[in-house]
Amino acid sequence: MEVLLKLTPQQWAILDAFLVTLIPIAIGFFRYNQLSIALRSVFWFCVTGFCLDAIGRVFWVLSIPNLFLGHLSTIVEFVFFANVYRFALRGFVKPALIPAIIGLFTLLAIINTIFLQSFKFNNSNIKIIEAVLLIAFALVFFYKLVHELVVSRLEKYPMFWVNCAVIIYFSSNLFVFIYSNYLLLYSKQLGIQIWFIHSLFFILFHIILAFSLWIVPRNPNSHG
C-alpha cells in the first residue's frame with residue numbers, strides 16, 4: 001500500500017479514471033429493456049471494461065504485472081464495438097464483413113502477443129489497428145446517416161453520440177498508442193503526462209456513452 005502514498009495528483013487521476021465507467025453502467029442497468037441490441041453491446045462493454053480495469057488496478061497496487069490485461073481488454077473492446085457497428089450498419093454493409101474483421105483482428109492480436117509484443121509490453125501495434133478500424137466504422141456510419149437521411153434530430157439519436165464518442169476517443173489517443181512502449185521504457189515523467197491526458201479522454205468517452213444510453217427512446221424498436 002506504500003505505493004499509493006507516493007502517487008501524484010495526476011497519477012491518482014489516472015488510477016481512478018476507470019470509476020467513471022460506473023455512470024454508463026448504472027444508466028444502462030436501469031434502461032436495459034429499452035436499449036437496442038447495439039446499445040446493449042455498449043452497456044456490456046462498459047461492464048466488462050470496468051471489471052478488467054478494476055482487476056488491473058488491484059494488481060498494480062499489489063505490484064503484480066498487469067500489462068497482460070491490456071492485451072485482453074483490447075480484444076474485448078474491439079469485439080464489443082465492432083458488434084455495435086455490425087448492428088448499426090446492418091443492411092448497409094455485407095453481413096459477413098464485420099464478423100470476418102472481428103475474427104481477423106483477434107487472430108492478429110494473438111500473433112502480435114506471441115511473436116512481437118509480449119505481456120511485458122503494451123500491445124501498441126494492435127491498439128493502433130483497433131483505433132484505425134473503429135474510426136473507419138464510425139466514418140462509414142456517418143456516411144450511412146447522410147446517405148439515408150432517416151434521422152431528423154441527431155442530438156436525440158443515441159447511436160450518433162456513440163459514434164462521436166468513438167471518433168473522439170480513438171482519434172485523440174492514436175498518439176498514446178503509437179508511443180506507449182517508448183514512453184514506458186525511456187521517460188516515466190512524460191509517460192505520466194501522456195497517460196493523464198489519455199485518462200481525460202477516457203472520462204469524456206464514458207460520459208458521452210452514458211449520455212447515449214440516457215436518451216434512448218421509450219420504444220426499444222425505434223432507431224438507435
Side-chain angles (χ1 to χ4, degrees), residues 10-11 13-15 17-18 20-21 24 41-42 44-57 59-60 65-86 98-141 162-188 190-206 208-209:
Q10 285 185 329
Q11 289 173 312
I14 295 170
L15 183 66
F18 83 105
V20 74
T21 313
S41 190
V42 172
W44 286 112
F45 154 74
C46 292
V47 172
T48 307
F50 175 82
C51 293
L52 290 174
D53 280 343
I55 293 171
R57 266 58 172 186
F59 280 12
W60 182 81
N66 63 2
L67 285 178
F68 75 94
L69 289 171
H71 290 243
L72 176 60
S73 65
T74 302
I75 296 175
V76 169
E77 184 177 65
F78 181 78
V79 168
F80 275 116
F81 273 99
N83 196 53
V84 169
Y85 287 106
R86 181 168 71 92
I98 293 181
I101 292 175
I102 292 174
L104 180 59
F105 177 86
T106 303
L107 179 61
L108 287 175
I110 294 172
I111 292 173
N112 181 70
T113 298
I114 295 174
F115 296 106
L116 298 176
Q117 295 174 314
S118 68
F119 290 144
K120 295 181 180 180
F121 300 93
N122 285 309
N123 58 335
S124 56
N125 294 337
I126 296 302
K127 287 182 180 295
I128 292 169
I129 294 173
E130 176 199 24
V132 171
L133 286 173
L134 291 179
I135 291 170
F137 289 158
L139 292 176
V140 172
F141 182 78
V162 172
N163 219 46
C164 288
V166 169
I167 287 283
I168 293 171
Y169 178 70
F170 288 98
S171 296
S172 63
N173 285 291
L174 268 177
F175 177 83
V176 177
F177 300 154
I178 291 171
Y179 291 103
S180 58
N181 285 316
Y182 172 82
L183 296 173
L184 182 68
L185 293 174
Y186 297 107
S187 181
K188 180 180 178 181
L190 182 58
I192 292 174
Q193 298 291 333
I194 293 298
W195 284 106
F196 174 70
I197 294 173
H198 173 272
S199 69
L200 296 180
F201 281 107
F202 181 88
I203 292 170
L204 177 62
F205 177 57
H206 284 85
I208 297 175
L209 292 182

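Each residue takes its place number in the sequence, starting with 1. Bear in mind the structure is a predicted one, so any value in this text is a computation, not a measurement.
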Under the side chain to side chain contact (heavy atoms under 4.5 Å, CB included) test, which residues partner [X], sequence neighbours left out?
X: S73; answer: L52
X: V79; answer: I75, I102, T106
X: I197; answer: F201

From [atom1] ([X]) to [atom2] ([Y]), nearest 0.5 Å:
X: I111; Y: L104; atom1: CD1; atom2: CG; value: 8.5 Å
X: I114; Y: F119; atom1: CD1; atom2: CZ; value: 8.5 Å
X: N112; Y: L107; atom1: CG; atom2: CG; value: 11.0 Å
X: I135; Y: N163; atom1: CD1; atom2: CG; value: 11.0 Å
X: S124; Y: L116; atom1: OG; atom2: CG; value: 10.0 Å
X: L67; Y: L72; atom1: CG; atom2: CG; value: 13.0 Å

Inset, instruction - Please examine the side chains of L204 and V20, heavy atoms only from C-beta on, and report whether any two atoms are closer than 4.5 Å. - result: no
Please list, chain by chain and in numerical order, all residues satisfying side chain to side chain donor-acceptor pair (under 3.5 Å) with [X], sequence neighbours excluded.
X: D53; answer: none
X: T74; answer: N123, K127
X: T113; answer: H71

So, for [X] and [Y], which heavy atoms are closest and what is the spacing to 0.1 Å?
X: L134; Y: A82; value: CD2-N, 4.2 Å
X: L209; Y: F45; value: CD1-CE2, 4.1 Å
X: G56; Y: N66; value: O-ND2, 2.8 Å

How would you list, by chain and number, every residue that makes a ring-ring contact (aromatic ring centres under 6.0 Å, His included) with [X], sequence neighbours excluded?
X: F68; result: none
X: Y85; result: F137
X: F105; result: F78

Legend entry - Stepwise side chain to side chain contact (heavy atoms under 4.5 Å, CB included) test for E130 and F81: CA-CA 10 Å; E130 176 199 24; F81 273 99; over 6 Å; no
Legend entry - Residue that, paired with F50, satisfies ring-ring contact (aromatic ring centres under 6.0 Å, His included) out of F202, F18, W44: F18
Legend entry - Sequence neighbours excluded, every pair satisfying side-chain hydrogen bond (donor to acceptor under 3.5 Å, both in side chains) that has a member inside residues 165-177: Y169-H198
